[in-house]
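Please read these numbers as outputs of a predicted model, since none were measured by experiment. In each ligand, atom 1 is the first atom listed, and ligand 1 is the first ligand listed.
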Amino acid sequence: MAMASCATAARTMGRWLRPWARPRRAGIGLIAATWLGLAAAPFAALPAVADVLPPVDALKQKLALEPQTVEVIEPHLSTPDRRTRLRYVGWPAAVVLDRLFAPGWKDAGMVIEFRALDGYVSRVPVERFARYSAYLVFARADGAPFEVENVAQNEKHVALGPYYLVWDNVRDAELVKDGASFWPYQVNEMRAVAASLRALLPGDLGSRFAAEAQLTEKLCLSCHQVNGFGGEKFPTNLAQRAKDLSWADFRKQVLTPRAVNAQSTMPPLLANDPAATRDAMARRLYDYLRAVPVIQP
Ligand code: HEC
């Protein structure tokens, strides 16, 4: 109990210390995630989709489905040499999505956004749900507090609730290499959105930077934005910021965020890769971000 309220206090404090954390917007349900204003028409036929997730008891009732236990290799607690397994309780994510969303959520090109209490957004392409087994969990099977340590982000006793998306990486071992990329926690909202890399590749940029735009989306835009597209944890426009920063300063921020700010919660880029790989990746992202025109959403 003491631990739980401590974690809550830390979270409240964290939010207070983060003036850029915007107040939650009233859920819109289905949105086209692009400042280009991707035609809303193809989606207008869909009934409204669930956005803010109901509390566990209400969701249980809504799904009319007994929660089950799933054992996973917990990526936040595992390193390449030491894997920690944990068991969680929840429902298959594909079933939750099927019951809460209109059928269109599965269409090609759709992405499910898992939005966390602090504005972090994890975007999961729908194909992934067909290929692997994900679970939306709300408790630990052993009754221990529903929290984890996030080594990469320098945070202890991180509350996982209300919901946490986990993947059966025991059954599909290739998921282990993705680390915690698609494991959003503190999820309180889900949205089905139309993915659009066009938002990140205006004009003819796609011919030169298609891969870099995708990498930026995967590695940076859970927290940051490019021209209004991205997360709200630290919604700075990287297209603008990269133009303000020298290569040396950008590199330092991205490779060693704690050298810039000792309290940084930004994960260092590709922390487990060799220095040369990390350096090259930082340079590719920098060149791309410098090339993207800054457009006010
Ligand atoms: C998990 C969230 C998260 C991810 C992912 C992330 N950052 Fe950050 N970033 C932050 C936070 C929070 C800050 C604010 C300062 C701090 O905590 O270091 C920040 C600060 C920055 C800054 C300085 C911004 C400013 O206005 O001074 C830059 C530049 C930056 N990040 C670039 C990147 C790039 C490029 C990537 C992808 C390779 C990335 N970040 C990935 C959370 C994140």
Side-chain angles (χ1 to χ4, degrees), residues 10-11 13-22 75-76 111 113-124 148-156 158-160 164-165 178-187 197 199-201 209 211-292 294 296:
R11 269 205 322 279
M13 180 87 115
R15 189 175 279 280
W16 179 70
L17 287 171
R18 283 178 285 158
W20 57 83
R22 291 193 209 148
H76 297 101
V111 164
E113 283 191 353
F114 292 85
R115 296 189 161 247
L117 295 168
D118 70 350
Y120 181 96
V121 178
S122 181
R123 269 181 221 91
V124 186
V148 79
E149 203 168 309
N150 190 335
V151 181
Q153 289 185 36
N154 201 17
E155 293 171 329
K156 292 208 158 95
V158 181
L160 295 172
Y164 177 30
L165 186 74
D178 287 335
S181 289
F182 294 106
W183 295 61
Y185 49 74
Q186 295 183 9
V187 172
L197 274 177
L200 307 180
L201 292 167
F209 288 112
E212 285 74 14
Q214 219 156 356
L215 288 163
T216 302
E217 180 175 359
K218 178 168 171 207
L219 299 169
C220 318
L221 303 189
S222 309
C223 298
H224 302 298
Q225 304 195 345
V226 165
N227 294 329
F229 181 89
E232 290 164 21
K233 183 156 178 166
F234 195 89
T236 202
N237 185 354
L238 290 182
Q240 178 63 59
R241 209 58 195 111
K243 289 172 188 68
D244 301 338
L245 293 172
S246 67
W247 159 238
D249 287 343
F250 179 88
R251 181 175 179 273
K252 189 171 175 192
Q253 171 72 49
V254 171
L255 298 183
T256 52
R258 275 174 231 168
V260 179
N261 165 6
Q263 256 69 59
S264 178
T265 59
M266 171 165 151
L269 176 71
L270 306 180
N272 296 323
D273 282 12
T277 312
R278 303 182 67 221
D279 212 57
M281 179 62 79
R283 185 72 217 195
R284 285 176 72 189
L285 299 177
Y286 183 68
D287 290 344
Y288 159 66
L289 290 168
R290 301 265 298 186
V292 183
V294 176
Q296 297 310 326

A.B. asks: Which of the numbered atoms in ligand 1 are below 4.0 angstrom from a heavy atom of Leu285?
C.D. replies: 38 (C)
A.B. asks: What atoms of ligand 1 come within less than 4.0 Å of a heavy atom belonging to Phe250?
C.D. replies: 35 (C)
A.B. asks: Which one of Arg241, Gln263, Gln240 has a non-hydrogen atom at the shortest distance from atom 25 (C) of ligand 1?
C.D. replies: Arg241
A.B. asks: Out of Gly119, Ser222, Ser264, whose heavy atom is nearest to atom 16 (C) of ligand 1?
C.D. replies: Ser264
A.B. asks: Closest heavy-atom contact between Phe209 and Ala291?
C.D. replies: CE1-CB, 3.5 Å
A.B. asks: Under a 4.0 Å heavy-atom limit, does Ala242 contact ligand 1 with its side chain, its backbone, both, or neither?
C.D. replies: neither
A.B. asks: Report whether any nitrogen, oxygen or sulfur of Thr236 sits less than 2.8 Å from atom 8 (Fe) of ligand 1 (N, O or S, backbone or side chain).
C.D. replies: no
A.B. asks: May I ask you to list the atoms of ligand 1 that are less than 4.0 angstrom from any heavy atom of Thr265?
C.D. replies: 12 (C), 17 (O)
A.B. asks: Only heavy atoms of Leu269, strictly under 4.0 Å: list the atoms of ligand 1 that pass.
C.D. replies: 38 (C)
A.B. asks: What orientation do Tyr185 and His76 show, parallel under 30°, tilted 30 to 60°, or perpendicular over 60°?
C.D. replies: perpendicular
A.B. asks: Is any NZ, NE, NH1 or NH2 atom of the basic residue among Arg278 and Asp273 found under 4.0 Å from an Asp or Glu carboxylate oxygen of the other?
C.D. replies: no
A.B. asks: Using a 4.0 Å cut-off to any heavy atom of Val254, which atoms of ligand 1 qualify?
C.D. replies: 35 (C)
A.B. asks: Check this for me: Lys243, atom NZ, are more than 12 non-hydrogen atoms of other residues, nucleotides or ligands nearer than 6.0 Å?
C.D. replies: yes
A.B. asks: Can Arg241 and Asp244 be counted as an ion pair, charged N to O under 4.0 angstrom?
C.D. replies: yes
A.B. asks: By atom name, which N, O or S atom of His224 is the nearest to atom 8 (Fe) of ligand 1?
C.D. replies: NE2
A.B. asks: Which of the atoms of ligand 1 are close to Cys223, meaning less than 4.0 Å from one of its heavy atoms?
C.D. replies: 1 (C), 2 (C), 3 (C), 4 (C), 5 (C), 42 (C), 43 (C)
A.B. asks: What atoms in ligand 1 come closer than 4.0 Å to a heavy atom of Leu245?
C.D. replies: 29 (C)
A.B. asks: Relative to the heavy atoms of Leu219, which atoms of ligand 1 are at a distance of less than 4.0 Å?
C.D. replies: 5 (C), 37 (C), 41 (C)
A.B. asks: Before signing off on this row, confirm whether Tyr120 and ligand 1 have an N or O atom pair separated by under 3.5 Å.
C.D. replies: no
